[in-house]
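Notes to accompany the following structure.
Because only heavy atoms are used, hydrogens play no part in the values below, and waters and symmetry mates are left out as well, while side chains stay in. Owing to the predicted nature of the structure, the values given are computational and were not obtained by experimental measurement.
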Protein chains: 2
Amino acid sequence: MHRSGLATAGIATELRLLEAAAREFALHGFAAARIRDIVDGAGVNLAAVNYHFGGKGGLYQATLAHLAREARDAFPVDSPELRAMRPEDQFRAYVRVMLMRYLGQEHAFPLSSIVAHELLDPTPAFGQIVQGVSRPQLDRLAEIVRALLGPRASGDDVALASLSAASQLTFFLFGRRLFEAQFPALAADPAVVDRLAGHISAACLAAMRATREQLEGERRARLTPARPARAMAKGEIGVDLAPQAVLRRSSSDSP
Amino acid sequence: MHRSGLATAGIATELRLLEAAAREFALHGFAAARIRDIVDGAGVNLAAVNYHFGGKGGLYQATLAHLAREARDAFPVDSPELRAMRPEDQFRAYVRVMLMRYLGQEHAFPLSSIVAHELLDPTPAFGQIVQGVSRPQLDRLAEIVRALLGPRASGDDVALASLSAASQLTFFLFGRRLFEAQFPALAADPAVVDRLAGHISAACLAAMRATREQLEGERRARLTPARPARAMAKGEIGVDLAPQAVLRRSSSDSP
DNA sequence: TCCCGTTTCAAACAATATTTTGAAACGGCC
DNA sequence: GGCCGTTTCAAAATATTGTTTGAAACGGGA
């Protein structure tokens, strides 16, 4: 057993491993990632993975938890300051944060890339990931959208508008390579994120404004009494990702 | 050597392999696909892959070519009939066809899923794929968008609007699982494709109409002479994907 | 029927990846 | 310094996956 009372060393190794693992899993996903590449990237011995994390699956779990912790801190899509803004500006801020995650650096934020891989080719961690990472983001977005669409918007109205916004953002996670290959002029612009954020925010806000006008025009036209807005589920950013068995596609696994 | 003069049998085996390979590569991508699973799915012997296609890489190439051929026939995004429509309806048709590819059946059209994997974790076939599959689609879209935005639209205007539309569509390729998990009510609707197509078409057309009005309003306001529309590159749907070395991440490979 | 090229097959093989092992190195503490 | 739990390491054992092999089955002509 390891890490009993006060372990001094070794946590440096663990950290290096977690960071290298984040890179590798982000690039290739769980199945195609190779632990030899991870330990090489971390500059640690091959056996360290099993010693510290019990195996590839354990390392994956730990990496998810580590990244989730990290995401809570950087890239906030919720905070008291944000909530103090007008809904339009909350929306603009949300768009911008998401684009930063995807396009802000040479590589997307690793957790985002891992989510992408999970969506394409899920591991047993899929449920955890959706609940812990995607869901809070989408809930937060839906909350903003609801405020923008006004009290007459139905659940489906909110869902569709959220979907439109979310999809225009996640494109730059999944399709970043396509974007760079097909729109080199745009992609090379040092202010890509700002331009895209401006465009996407404007397009979505315009579409939502149109929807709202239509909804309220309908109301005036039909003289229907306003339905009360449904209570909104609180959108937390928190992520836990407690360890749980997660492994290879169909093989045996340690308890 | 195989398949000399007139090979009668064996092409059934090849077809079964190509179809099973399409499923497997679509699910897991090249690296994570296992040829044992492919031959099981095809109900053929393990050695058949090497006998007929020379190896995993050869099978991947052949699968891409096979699927590209298939895509040319089903799911057309271009045809004389389509071109006879008004731009708005061409756009609606384009949106609908793409959603059908992604959501129309239990699984997305395999070539689309393979493109998705290539975008996340490219193999050497990436260039081919983008050129042969994504590019023609995006070119066709850009053509329609240009018609909708009118002669005053700049290249960037067209690019941004195309991007908005494309991203709302590709979301349902990459994020299908997320969509189904987070919007179960919408996803369960037997007419999802129609509802989404209607919503997305309407949202995009509204946004583009707004852009056009702004562009033309600017013109009137500034009394600037109209620039001529740039000639548009012809957007073909054709795909070739001629065989070429395609293989594992960094290892040696047969000629 | 027999011949012969083609295709299939089970089994062996080779290459790649993951996990385990046992010994050595480290670091605080007596 | 010498002990002891922790951590590292190179090497070996396993497991998994891709490729090869040699023999057998097939099927259309001579």
**Message:** Could you check whether B/Ser167 and A/Gln168, counting side-chain N and O atoms only, form a donor-acceptor pair closer than 3.5 Å?
**Reply:** no
**Asked** What is the distance from NE2 of A/His28 to P of C/dT16, rounded to the nearest Å?
**Response** 16 Å
**Asked** Can we say B/Glu180 and B/Arg176 salt-bridge, meaning some charged N sits less than 4.0 Å from an Asp/Glu carboxylate O?
**Response** yes
**Asked** Rounding to a whole Å, what distance do you find between B/Arg36:CZ and D/dT19:P?
**Response** 11 Å
**Nearest-Å distance for atom pair CG/P, residues A/Leu46 and C/dT19** = 9 Å
**Euclidean distance, atom CG of residue A/Asp37 to atom C1' of C/dA17 [Å, nearest integer]** = 10 Å
**Asked** Ion pair present between B/Asp139 and B/Arg135, side-chain N to carboxylate O less than 4.0 angstrom?
**Response** yes
**Request:** May I ask you to verify if any side-chain N or O of B/Asn50 is less than 4.0 angstrom from the OP1 or OP2 atom of D/dG18?
**Result:** no
**Message:** Starting the side chain at C-beta, find the nucleotide from C/dT8, C/dC9, D/dA10 nearest to B/Tyr51.
**Reply:** C/dT8
**Message:** Does C/dT8 have OP1 or OP2 under 4.0 Å away from a side-chain N or O of B/His52?
**Reply:** yes
**Request:** Could you give me the CA-CA distance, side-chain angles and deciding distance for B/Arg140 and B/Glu143, then say whether salt bridge (charged side-chain N to carboxylate O under 4.0 Å, His left out) is met?
**Result:** CA-CA 5 Å; B/Arg140 174 74 182 119; B/Glu143 195 179 8; 3.5 Å; yes
**Item:** Length of the CZ-P vector between B/Phe30 and D/dT17, whole Å
**Value:** 14 Å
**A/Asn45 side-chain N/O to D/dT7 phosphate OP1/OP2 under 4.0 Å** = no
**Prompt:** Looking at A/Thr13, does any N or O in its side chain come under 4.0 Å of the phosphate oxygens OP1/OP2 on D/dT8?
**Reply:** yes
**Request:** Specify the separation, in whole Å, of atom CZ of A/Arg16 and atom C1' of D/dC9.
**Result:** 15 Å
**Request:** If the plane angle is over 60° it's perpendicular, under 30° parallel, otherwise tilted; pick one for A/Phe25 and A/Tyr60.
**Result:** perpendicular
**Request:** Nearest whole angstrom, please: distance from the C1' of D/dT17 to the OH of B/Tyr60.
**Result:** 18 Å
**Residue B/Arg34, side-chain heavy atoms: nucleotide from C/dT7, D/dT19, D/dT17 that is nearest** = D/dT17
**Prompt:** Just how far, in rounded Å, is P of C/dT20 from CZ of A/Phe53?
**Reply:** 16 Å
